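To start, the structure itself, in structure tokens.
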Amino acid sequence: MAPPYFLLLPLLVNVVLQSPLTASQASPPISLPGCPNKCGNITVPYPFGFEPGCFREDFGLVCNESYSPPRLTISGYGYEITDISPKGELHISVVAKRACYNSSGGYISGTNTYIALGTSPYLLSVSNSLFAVGCPNQGYFVDGDGYYVSGCVSACRPTQNSLGSTNGSCTGVGCCESSIPNGLNFYEPSSQNFGSAREGTDPILFANTTNCSYVFLADSNWFHFDNSYLLRTTDFMASVAIDWAIRNVGNCSYASRNMTDFACRSANHDCHDSDNGAGYICNCSKRYQGNPYITNGCIDINECEMKDEYPCFGVCTNTVGNYSCTCPRGTEGNAYMKDGCRKKDTFTLALKIVTGASVGVFLVAFGCFWLYLGMQKKRLIRTKQRFFEQNGGVLLQQQMSSFKTTTFKIYSKEELEKATNKFSEERILGRGGHGIVYKGIFEDGTVAAIKKSKLMEEHETKEFAKEMLILSQINHKNVVKLLGCCLEVEVPMLVYEYISNGTLYHYIHDKNFKAPIPSDERLRIAAESADALAYMHSSASPPILHGDVKTANILLDENRVAKVSDFGASKLAPNDEAEIATLVQGTCGYLDPEYLLTCQLTDKSDVYSFSIIILELLTRKKAFYFEGPEEGRSLASSFCTAKKEGRFLEILDVQVRNELQLEVLEEIGDVIMQCLSMNREERPTMREVADTLEKARKFQRQHNHGRMMHNEEKSTEDTESLLGDSIDIYASHSSMSYSFAQQAILDMEAGRRRF
Ligand SMILES: *[C@@H]1O[C@H](CO)[C@@H](O)[C@H](O)[C@H]1NC(C)=O
Ligand SMILES: *[C@@H]1O[C@H](CO)[C@@H](O)[C@H](O)[C@H]1NC(C)=O
Ligand SMILES: *[C@@H]1O[C@H](CO)[C@@H](O)[C@H](O)[C@H]1NC(C)=O
Ligand SMILES: *[C@@H]1O[C@H](CO)[C@@H](O)[C@H](O)[C@H]1NC(C)=O
Ligand SMILES: *[C@@H]1O[C@H](CO)[C@@H](O)[C@H](O)[C@H]1NC(C)=O
Ligand SMILES: *[C@@H]1O[C@H](CO)[C@@H](O)[C@H](O)[C@H]1NC(C)=O
Ligand SMILES: *[C@@H]1O[C@H](CO)[C@@H](O)[C@H](O)[C@H]1NC(C)=O
Ligand SMILES: *[C@@H]1O[C@H](CO)[C@@H](O)[C@H](O)[C@H]1NC(C)=O
Ligand SMILES: *[C@@H]1O[C@H](CO)[C@@H](O)[C@H](O)[C@H]1NC(C)=O
Ligand SMILES: *[C@@H]1O[C@H](CO)[C@@H](O)[C@H](O)[C@H]1NC(C)=O
């Protein structure tokens, strides 16, 4: 038998690894060895420095101690530095441009200024703004080539006290602010002299003028306007933010090729490309701190001394680039969490004592250990069996054998763990109110979406198996298919068909992807989803309601065919009055108002929510939106208002307005209006909505054909091939109409139609 020493191994490794690190840590270096790191109270980190050999080329500073406090300036430029951040920013102090006038508008005195940084590591930061203070005043500046860069106008208001401006806000009265672009190395402010206009000939524009006007660049976090600036007649200094970077070579990937020149000297650094101008800046990696520009400048953070950022509720041990946190002796669990450690059960405690004793007893303990593992495993199996039974697995198994379901499968916990790589973060497809959806890849290569729900109430789990059985019977081309479930876990998990092209919500609203959506496609998606819901409402008794109809629950496959998902979260409609849902579910902007009043979910609640989907498709606005001057904030209310005022067409997407026939839009508008009726009885059924949409599609298609044929007649010189194309399109459209007609007949035969 193998010697049992390996049980001691983890303990030994711990001791060896930890001992050198528990020693107290040196503070990280700031400047090169032997170099001063302060000028007065300003910290000067390398690559900056002010003594020979203490700075990188281009980063030399001058510290003049004959001033009190000492003055730190940029060598060769003379700008006074007030602070340096190793994160690539520093501040210089620059006088504001001033111009003062007498009461008849004659220039009395002033101060001019400029900043010229040339080719240096320094550029003006975009956290600066150009400010013009005093009134009337127009401040602006041009770049080295004479082009305007930034400017604004500050006006006087006669009526309010204190010249009409309010303390702290720089919004055009007495003070104005204008942002500046990236990449500037030059700035020279100008201001407009309003001259004799100051005399107050126009009381509205020029009443209450200030004696002096100022124009200056300043870090917008530093400058806070207050009214005392309007009475000022003397000069003041403004704090200007400067972005610095290592700019002599280029970006990180380019510069890191020449290690003798690369500025990120320390191990454990990260290099970031500068986001203002060329070049790069260095940073210590996560869990390291110090100065990355110095060899060995990044040192390990002792996380154990920073419990706020790095939680540990047990014995904390710092390691290089990380830390570990273990439960105190005699307890076990997760010490990274509060109350994560529990008393160890006595059996393992005993095991530990025995392992410490002697090799002879060890062997016995070793046997016990295996016995213990065996017991643990049995317990695990018992737990799984308990969950399986509790979740109605037995019932489901029995019923499955009587139904002829071929595709529905009961999965084991291990299968799902394997398919999702132990529910790894990378596999998450989405998170919702009801749970998390993972992408699962099974051993045979099939891909599925696996839904892990949040905790359910016990009475809900009882109903669960029954619902599964009904949902597994559903076979509709526009409903996401339920492939199976796993019941061996506390909360059952559902396995759905994987739909590859994201949600309808994304398709309509994604900012990065606002490509036009053909109106045909919008109508088709609406009609397909309506058909799916109508089918679910009529396929079982009591009907299957969705309860959370929204664009985020409609998925699109690779051909953008709509697939309604998340029926798993829905409930079977209560079949007697007493059974009233207590839990309001659904999403803001889609909720049936009557459902909120009565707490009763009906098929008409789905109809209400569905009409919002049609509106989203036609307007490309969100169900609940804030932008724009619209009076209502929910799509439903702005639609109703617009419709009542006869302005319905105005809220539609321009593309829809251009492409769809007025008749079609009016028909759909009317049906949406009915769907949004406060009274359930007045709303149409889902089937009626689906039929209206289908009719609208047909009408629109016929119209499109008509237009196409018309065009053909007009241009009789059309080439053969063009004509051929049109005929092809016509043929494919008519075969589509045929298949829809066929579907309608089939539906009618199945007795699902209500009218
Ligand atoms: C440095 O000293 C000046 C005045 O002596 C003070 O205004 C400033 O806030 C100090 N800066 C730092 C970073 O302590
Ligand atoms: C410091 O400033 C004083 C006064 O402006 C000047 O005379 C002196 O040369 C400066 N010293 C250095 C080292 O630049
Ligand atoms: C204002 O200044 C101008 C030019 O400097 C001068 O001609 C004019 O007399 C001054 N007006 C008053 C009221 O001082
Ligand atoms: C505006 O701010 C200045 C300086 O902070 C203060 O003296 C003045 O009282 C403030 N005025 C008002 C109306 O708050
Ligand atoms: C501002 O101008 C109005 C109208 O010219 C005048 O009545 C008022 O006294 C002035 N206020 C101040 C603070 O100068
Ligand atoms: C502007 O200058 C005039 C004349 O010098 C003076 O009487 C007045 O008080 C000044 N106004 C302000 C706001 O400083
Ligand atoms: C870095 O610079 C090189 C050469 O100038 C360029 O080819 C490369 O695209 C740049 N890389 C990035 C990430 O900007
Ligand atoms: C690397 O940088 C050093 C220092 O700037 C320079 O002398 C050398 O020529 C560079 N080597 C290459 C291959 O560019
Ligand atoms: C540098 O690292 C720190 C700590 O990891 C981080 O907070 C900071 O954002 C990083 N800076 C840059 C420019 O990435
Ligand atoms: C740090 O340690 C934890 C727990 O030991 C581990 O999960 C994590 O991956 C480690 N992080 C790094 C960056 O090594």
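Atoms within a ligand are numbered from 1 in the order they appear, just like the ligands themselves. All values reported here derive from a predicted model rather than from experimental measurement. Index from 1, following the sequence.
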Ring centroid separation Phe236 to Tyr229 under 6.0 Å | yes
Verify atom 7 (O) of ligand 2: protein non-hydrogen atom under 4.0 angstrom away = no
To the nearest 0.1 Å, how far is atom 5 (O) of ligand 3 from its closest protein heavy atom, and which atom is that?
-> Tyr107 O, 3.9 Å
Just jot down the ligand 2 atoms closer than 4.0 angstrom to any heavy atom of Ser66, in number order.
-> 1 (C), 2 (O), 3 (C)
For atom 14 (O) of ligand 3, state whether the nearest protein heavy atom is under 4.0 Å away.
-> yes
Salt bridge or not for Asp261 and Arg56, using N-O below 4.0 Å?
-> yes
Parallel, tilted or perpendicular: which fits the ring planes of Tyr122 and Phe59, with parallel below 30° and perpendicular above 60°?
-> perpendicular
If only atom types and distance count, is the side chain of Thr446 paired as donor or acceptor with the main-chain N or O of Phe442 below 3.5 Å?
-> no
Do any N or O atoms from the side chain of Asn185 and from the backbone of Gly118 form a donor-acceptor pair under 3.5 angstrom?
-> yes
By number and element, which atoms of ligand 3 are closer than 4.0 Å to a non-hydrogen atom of Asn102?
-> 1 (C), 2 (O), 3 (C), 8 (C), 10 (C), 11 (N), 12 (C), 14 (O)
Starting from atom 4 (C) of ligand 3, locate the nearest protein heavy atom and write down its residue, its atom name and how far away it is, to 0.1 Å.
-> Gly106 CA, 4.0 Å
How about Tyr187 and Phe216: are their ring centres within less than 6.0 Å of each other?
-> no
In terms of its nearest heavy atom to atom 12 (C) of ligand 8, the top option of Asn258, Asp261, Val249 is Asn258
Proximal atoms of ligand 8 relative to Thr260 (non-hydrogen, under 4.0 Å) | 1 (C), 2 (O), 3 (C)
